[in-house]
Amino acid sequence: MSAMAQPGSVVEAPATDRELAEFRELQARFASSFATLFDDPALPRTVLILPSLSLDQQVLARITGVHHYEERMLCLLLLLRMPRTRVIYVTSTPISETIIDYYLHLLPGVPGVHARSRLTLISCNDASPAPLTRKVLERPHVLDRIRAAISDPGSAHMTCFTVTELERKLALALGLPIYGCDPSLLHWGSKSGSRKVFREAGIELPLGFEDLGDAGQLAAALCELKRTRPALRRAVVKLNEGFSGEGNAVIELADAPVDASLLPWLRDRLPAMAFEAKGMTWELYEDRLRSMGGIVEEFIPGAIKQSPSAQLRIDPVGRLEAVSTHDQVLGGANGQIFLGCRFPADRDYRLDIQARGVRVAQVLAQKGVLGRFGVDFISVKESGSWRHVAIEINLRKGGTTHPFLMLQFLTDGRYDPETGEFLTPSGRPCCYYASDNLEAERYRGLTPFDLVDIAVVNGLHFHAASSEGVAFHLIGALSEFGKLGVVCIGRDHARADALYRNTVDVLDRESAAARPRRF
């Protein structure tokens, strides 16, 4: 075993001043070449895609089929539509060739054989719950294979799901820049950091408190919140590095006392909070709170309530771009878990959400943030108008990233920030409904080939001529977990929703028909 795989190795060692300086130099070189390279899609380049979920592993473990989430960035295989682009895609375990073939056949105007010749798939053959990046760093032969696949490091870069100290170490080991946020700035994407950025941007955020490090601080913050707003009936507790709502919990305050017994009353009720993550316990939650910190906020009520988000990008030369808006579809016991999204967000407020997102992006750009990120809101309709409250920043790719990239790559269209719409080259508008959580027990046992067969027989395709149809992702989770991702693209929301309902109907019917009879 290599030295890098041993406890106390360089994988776990804090970055040295020299390493930090080397990383800044890599990023500076990337910025100097970015405009020339990225503005001409015909130029040769290599993109190393590293879909590592370098997040809290105990929180991630609560998500069904989470190790297949490395497949969510397979939409970036559509970069191969650029004829001289090479893609290296690294995963923990091998991806079925049926899945790869499915994506390559989505490429508009590029023969699959040509695209496949420019694609290198590398697997660590390790299904353990450790982050993918750690697995790569601990395998010198995998590192050698990645280096061998990069013909010109000067025109290559890494793109990652999230960028942590691990990804920075890998960038240094390979001598490649990252199109993403410097890990030293990740605090601004935590729940506590987000609240500070919102204040700096001058946009509304929920009443609450950040930088809470243990149960005592949490109870004290809840006590102050209730005393400040006596009518408050519920509060939300969030772990700083929670993912897709899995680090959230709700505490009921309607029956809280108003006298000196409030604080001990709250301490007693913390273990009984309603945790969003399946199987979460107070003991585990308290441990995560001590290790990563958290916040407490008022629960925003509303008879008419939406959860929109704005996606933005800051490129290496400092250009700021509004990318999209979405209405998130949330579920779970208290409506905190991300299930899917609709694009674009409601016409009544999409530009308002975008404008607030731009103000956040301007603050983040001043701090040196780079790459794609999202800003989430809660929007409540009160007396005929919408109130928008900012709740978090995600300095990484998220659940709204891959559906939009699929739309962009499949149609070769563009987002119009003046209207908040997406238009094909012919000027046709596109909407979509996307979900990472199309899940049913009856889907278990369906293989990737079965899904492709069902799609072919039932016409579940994306049709370039009409710019409408269905594209799947998270296909690898289907057989074991009965879970699948889908992007349904239509000319308007009604059409996209209808495509989704039809897809569910088809899968339900086909999977039921495939069940063996019981005698």
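All values below come from the heavy atoms of this structure, side chains included, with hydrogens, waters and symmetry mates left out.
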**Request:** Start with the C-alpha gap between H461 and V456, add the side-chain angles, then the distance that decides, and say whether side-chain contact (heavy atoms from CB on, under 4.5 Å) holds.
**Result:** CA-CA 7 Å; H461 301 299; V456 170; 3.9 Å; yes

**Asked** side-chain contact (heavy atoms from CB on, under 4.5 Å) with P429: which of D492, D416, L423?
**Response** L423

**K196/E200 salt bridge by N-O under 4.0 Å criterion** = no

**Request:** Ignoring hydrogens and angles, tell me if any N or O in the side chain of T36 forms a donor-acceptor pair with the backbone of S33 under 3.5 Å.
**Result:** no

**Request:** Determine the interplanar angle of the Y102 and F472 rings, folded into 0 to 90°, and report it as parallel if under 30°, tilted if 30 to 60°, perpendicular if over 60°.
**Result:** tilted

**Request:** Among E138, E165, E167, find the one that has a side chain to side chain donor-acceptor pair (under 3.5 Å) with T133.
**Result:** E167

**Item:** Contact check, side chains of R72 and K397, non-hydrogen atoms, under 4.5 Å
**Value:** no

**Request:** Taking all heavy atoms of E70 and all of S92, pick out the closest pair and write down the distance.
**Result:** OE2-OG, 2.7 Å

**Contact check, side chains of T159 and L50, non-hydrogen atoms, under 4.5 Å** = no

**Message:** Using only atom types and a distance under 3.5 Å, with no angle test, would you say the side chain of N240 pairs donor to acceptor with the backbone of M292?
**Reply:** yes

**Message:** Could you go through S190 and S192, starting from their C-alpha distance and side-chain angles, then the distance that decides it, and tell me whether this counts as side chain to side chain donor-acceptor pair (under 3.5 Å)?
**Reply:** CA-CA 5 Å; S190 70; S192 291; 5.0 Å; no

**Asked** How far apart are the closest heavy atoms of T503 and C488, and which atoms are they?
**Response** OG1-SG, 4.1 Å

**Message:** Taking the side chain as everything from C-beta on, heavy atoms only, tell me whether P108 gets closer than 4.5 Å to D412.
**Reply:** no

**Item:** Minimum heavy-atom distance L395-C181, with the two atoms named
**Value:** CD1-SG, 4.1 Å

**Asked** Rounded to the nearest 0.5 Å, how far does CH2 of W386 lie from CD1 of I353?
**Response** 9.5 Å

**Asked** Is the backbone N or O of A171 less than 3.5 Å from a side-chain atom of R168, with the two atoms forming a donor-acceptor pair by type?
**Response** no

**Asked** Any sub-3.5 Å donor-acceptor pair from R116's side-chain atoms to G112's backbone N or O?
**Response** no

**Ring geometry between H402 and H473 (parallel below 30°, tilted from 30 to 60°, perpendicular above 60°)** = perpendicular

**CA sep, side-chain torsions, deciding dist, call: R29, E25, salt bridge (charged side-chain N to carboxylate O under 4.0 Å, His left out)** = CA-CA 6 Å; R29 290 206 307 266; E25 183 179 342; 3.5 Å; yes

**Item:** Check: Q354 side chain, A322 main-chain N or O, donor-acceptor pair, under 3.5 Å
**Value:** no

**Prompt:** How about Y432 and H326: are their ring centres within less than 6.0 Å of each other?
**Reply:** yes

**Item:** Backbone N/O of Y179 and side chain of H157: donor-acceptor pair under 3.5 Å
**Value:** no

**Message:** Tell me if a side-chain donor or acceptor on K238 pairs with a main-chain N or O of G294 at a distance below 3.5 Å.
**Reply:** no

**Message:** Are there over 12 heavy-atom neighbours, none belonging to R147, within less than 6.0 Å of that residue's CZ?
**Reply:** yes

**Within-4.5 Å side-chain heavy-atom neighbours: K191 and L239** = no

**Request:** Measure the spacing between CG of L132 and SG of C124 and express it to the nearest 0.5 Å.
**Result:** 5.5 Å

**Request:** Go through the steps for T91 and L121 under the test side-chain contact (heavy atoms from CB on, under 4.5 Å), then give the verdict.
**Result:** CA-CA 8 Å; T91 53; L121 300 173; over 6 Å; no

**side-chain contact (heavy atoms from CB on, under 4.5 Å) between Y103 and E71, worked out** = CA-CA 11 Å; Y103 276 90; E71 293 182 25; 5.9 Å; no

**Item:** From I95 atom CD1 to I100 atom CD1, the distance as rounded to the nearest 0.5 Å
**Value:** 4.5 Å

**From V163, L48, I49, residue fulfilling side-chain contact (heavy atoms from CB on, under 4.5 Å) relative to M158** = L48

**Request:** Take L79 and F409 through the side-chain contact (heavy atoms from CB on, under 4.5 Å) test and state the conclusion after the steps.
**Result:** CA-CA 8 Å; L79 289 170; F409 290 144; 3.7 Å; yes

**Message:** To check you understand the geometry: which heavy-atom pair defines the closest contact between P131 and L53, and what is its length?
**Reply:** CB-O, 4.3 Å

**Complete:** For L364 and V197, the nearest pair of non-hydrogen atoms, with its separation, is CD2-CG2, 4.0 Å

**Message:** Taking the basic N atoms (NZ, or NE/NH1/NH2) and the acidic carboxylate oxygens, is any pair closer than 4.0 Å for E241 and R288?
**Reply:** no

**Message:** Counting C-beta onward and ignoring hydrogens, is there a side-chain heavy-atom pair between P344 and S324 closer than 4.5 Å?
**Reply:** no

**Item:** Flag, side chain of S435 to backbone of G340, donor-acceptor distance under 3.5 Å
**Value:** no

**Prompt:** Can you find a heavy atom in the side chain of I314 that is under 4.5 Å from one in the side chain of F373?
**Reply:** yes

**Message:** Tell me if the CG atom of D39 is crowded by more than 12 foreign heavy atoms within 6.0 Å.
**Reply:** yes

**Prompt:** Rounded to the nearest 0.5 Å, what separation is found between the CG atom of L370 and the CG atom of D315?
**Reply:** 7.5 Å

**Prompt:** Going from CG on L74 to CG on L405, what distance comes out if it is rounded to the nearest 0.5 angstrom?
**Reply:** 12.5 Å

**Message:** Between H141 and R145, do the side chains contain a donor N or O and an acceptor N or O under 3.5 Å apart?
**Reply:** no

**Request:** Please determine if D182 and R24 form a salt bridge, counting it only when a charged side-chain N lies under 4.0 Å from a carboxylate O.
**Result:** no

**Message:** Check whether F38 forms a cation-pi arrangement with R45 (NZ or CZ under 6.0 Å from the six-membered ring centre, at most 45° off the ring normal).
**Reply:** yes

**Request:** Determine the interplanar angle of the Y415 and F343 rings, folded into 0 to 90°, and report it as parallel if under 30°, tilted if 30 to 60°, perpendicular if over 60°.
**Result:** tilted

**Asked** Going by heavy atoms in the side chains, are E468 and H463 under 4.5 Å from each other?
**Response** no

**Request:** Answer yes or no: is there a donor N or O on one side and an acceptor on the other, between the side chain of R134 and the main chain of L166, under 3.5 Å?
**Result:** no

**Message:** Checking the side chain of N394 only, and the main-chain atoms of R396 only, is there a donor and an acceptor separated by less than 3.5 Å?
**Reply:** no

**Prompt:** Which value, rounded to the nearest 0.5 Å, describes the distance between C430 atom SG and R495 atom CZ?
**Reply:** 12.0 Å

**Complete:** Shortest non-hydrogen pair, I99 vs G476, comes out as CD1-N, 3.7 Å

**Pairwise side-chain contact, I391 with P206, heavy-atom cut-off 4.5 Å (strictly under)** = yes

**Among R313, R414, R372, salt bridge (charged side-chain N to carboxylate O under 4.0 Å, His left out) partner for E321** = R313

**Request:** Tell me, with the steps shown, if E210 and R199 meet salt bridge (charged side-chain N to carboxylate O under 4.0 Å, His left out).
**Result:** CA-CA 12 Å; E210 60 268 11; R199 291 193 192 100; 2.7 Å; yes

